[in-house]
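Everything numeric in this text was worked out from a predicted model, so none of it was measured.
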Amino acid sequence: MSDEKVRVRIAPSPSGNLHIGTARTALFNYLFAKKMHGKYVLRIEDTDLDRSSEEYKQNIFDSLKALGLNWDEGPDVGGQYGPYKQSERFDIYPKFAQMLIDKGYAYECFCSNEDLDKEHEEAKAKKIPYKYSRKCLNLTKEQKDELKAKGIKPSIRFKVDYKELVFNDLVKGELKFDTSLIGDFAIMKSNGTPTYNFAVVVDDMLMKISHVIRGEDHISNTPKQILIYEALGATVPKFGHLGMILAPDRSKLSKRHGATAVSDFIKQGYLTEALLNFVALLGWAPSDGVEIKNVDEIAADFRINEISSSNSIFEYEKLNWMNGQYIKKMDISKLTDLALPFLNKYDTSKYSRDMLERIIEVTREPITLLKDLENDTQYFFEEPKLDEVKELLSTDLSKKVLEKFKNDVKDYDFNNEEEIHNKLADFRTYFKEQFGFKPKETMWAIRAALTGRTRGADMVAIIVILGKDEVIKRLNNV
RNA sequence: GCCCCCAUCGUCUAGAGGCCUAGGACAACACCCUUUCACGGUGUAGACAGCGAUUCGAAUUCGCUUGGGGGUACCA
């Protein structure tokens, strides 16, 4: 093992909210850094000014932080290799581009978009793979000056020579490319800003990134980037390419499949812990078979070379199950804090904090999303509507049960929950022995009268939370 | 079109030549528990894409086919 410090980065482009796939890439970078005791940096790739926005940038920050994927260096926290926003680094790219020109690795190109479009069309018509014609490769100084005098601003192209390029991918293994298939590609746009491939390499080099872990949609960029590293005389980092996350129809996960942004998931009531845990399982498997694990546990067990190299499909079933598991286990005070925003259509002020926690405690069991709480806690806040249980309440059984319950409950000691529990048990036994009513039928009658439903939280808890006055009031309303 | 990546139950995966009559998780189904829904427990069903090759032996190696994904920009 070398002494080289492990430095990884996550480099989102602020042209949309933080995508769940980007979040997974961030997670794997974070896990790797943690496991290797390295640094994890955030860099904002906003070279495309038109598509980048402050709002998206903020969403990316917020989402990453909500997930707990905090960075060691980044635009807001700084670091010794900043700035960490590409738009603030525009002055450094031209220098390196010039250096490449001077060394003969790059050249100025005066072709217009129309010229280039024409080349594309011709290649298409001839059914041959497109490669830049190199029309501007051998322009003389006079020709260039003339063009510049006309006001034409050149782009800068990297000169790609034939070479068999091989690199060892951390997750895919040995990858080979024939660079003669790659045309001379642009590294600087005519407007003076760098292209993606160039900016990434310059930044990763300057930020001393040791391992580049990213989606496999970048595989075909990798040979270009390696060529640039070599021309720059820089150390080539190790690359690791992760399979993509696909929608159930095997297409790219996009908005039409539902939520794609981390913030969307949070809005629906997914817990960030569950989201992270679930997404980690897309491509990675725990060595002990225990799937529910927090980030620290996952990091300790993380082996980048054992990540699955295939794509995986994002299915909600397991995420939902996992979210439910986290909801059941979460500290009740913390859960209540998270749940309250989903209850804002109710007047929650009628209950004390303790009582609110109690309400969440007794309703959390069957839910998969925090959003479900809105419906499941309704009867604690509002008078029940009896429409759906009308039939149930009109049976002979229900009438018998409620008549007795109405009478008995007056004597219940609402400060003694255990006693209520026992009395209800006796109550069920009484009806079973006297009339042969099934215990659940007996309880259904009470539940329907008190909540307007046939399912819900524990009956004893409901009675205690509602309180004697409210219970009697609701009983009288039937 | 060309280049690249990938291929085990419906889904996520374990599996690095004999431990595999392929294991686990979610979902499904059945039963048990039970004051409802759930949780939990037990069990059932369910996969090595196809074809060749190597080998005493292949889910595991190699090739081809097929299928899926990605790329092919002065987007990132």
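- Which of B/G24, B/C5, B/A73 sits closest to the side chain of A/Glu291 comes down to B/G24.
- Salt bridge status for A/Glu403 with A/Lys399: absent, with no side-chain N to carboxylate O gap under 4.0 Å.
- The separation of B/U44 from B/C62, taken at their P atoms, amounts to 36 Å, rounded to a whole angstrom.
- A/Asp458 comes within 4.0 angstrom of a nucleotide base, judged by non-hydrogen atoms across all strands.
- Contact annotation: A/Thr47 side-chain N/O to B/A76 OP1/OP2 distance is under 4.0 Å.
- Straight-line distance between the C1' atoms of B/G41 and B/U54: roughly 48 Å, to the nearest whole Å.
- Ion pairing between a basic and an acidic side chain is recognised when a charged N comes within 4.0 Å of a carboxylate O; A/Glu45 and A/Arg214 show no such pairing.
- Closest to the side chain of A/Ser310, from the set B/C39, B/C12, B/C6, is B/C6.
- Of the candidates B/U36, B/A76, B/U13, the closest approach to any side-chain atom of A/Ser13 belongs to B/A76.
- A gap of 14 Å separates the C1' atoms of B/U8 and B/A58, to the nearest Å.
- Remark: the separation of the P atoms in B/C19 and B/A59 is 9 Å, to the nearest Å.
- Summarising the base pairing, B/U44 is matched to B/A28 through a Watson-Crick or G-U wobble pair whose two defining distances lie under 3.5 Å.
- The partner of B/U55, taking Watson-Crick or G-U wobble pairs whose two distances both stay under 3.5 Å, does not exist in any strand shown.
- The NZ atom of A/Lys440 sits 12 Å away from the P atom of B/U34 (whole-angstrom rounding).
- Side-chain proximity of A/Met443 to B/U36, B/U35, B/A7: nearest is B/U35.
- Ionic pairing of A/Glu121 and A/Lys124 is not present here: no N-O contact between side-chain nitrogen and carboxylate oxygen is shorter than 4.0 angstrom.
- The side chain of A/Lys252 approaches B/G70 more closely than any other nucleotide in the set B/A38, B/C4, B/G70.
- The pair A/Glu419-A/Lys423 counts as a salt bridge, with a side-chain nitrogen and a carboxylate oxygen less than 4.0 angstrom apart.
- The two residues A/Leu175 and A/Asp169 have their closest heavy-atom pair at CD2-CB, 3.7 Å.
- Counting non-hydrogen atoms under 4.0 angstrom, A/Cys111 reaches a base of the nucleic acid.
- Comparing B/U35, B/G40, B/C74 by their nearest atom to the side chain of A/His421 picks out B/U35.
- B/A22 and B/U60 are spaced 16 Å apart, taking the P atom of each and rounding to whole Å.
- Comparing B/C9 with B/C29, their C1' atoms sit 15 Å apart, to the nearest whole Å.
- Distance check on atom P: B/A49 versus B/U13 gives 15 Å, rounded to whole Å.
- Look at A/Arg447 and you won't find any side-chain N or O under 4.0 angstrom from OP1 or OP2 of B/U36.
- In this structure, A/Arg43 and A/Val200 have side chains that are in contact, with non-hydrogen atoms separated by less than 4.5 Å.
- Side-chain proximity of A/Lys189 to B/C75, B/C5, B/G71: nearest is B/C75.
- Between the C1' atoms of B/C26 and B/C39, the separation comes to 16 Å (whole Å).
- Judged by distance alone, with hydrogens and angles left aside, A/Asn311 brings no side-chain donor or acceptor close enough to the base of B/A7 to form a pair under 3.5 Å.
- Out of B/C5, B/G70, B/U13, the shortest distance to the side chain of A/Asp217 is found at B/G70.
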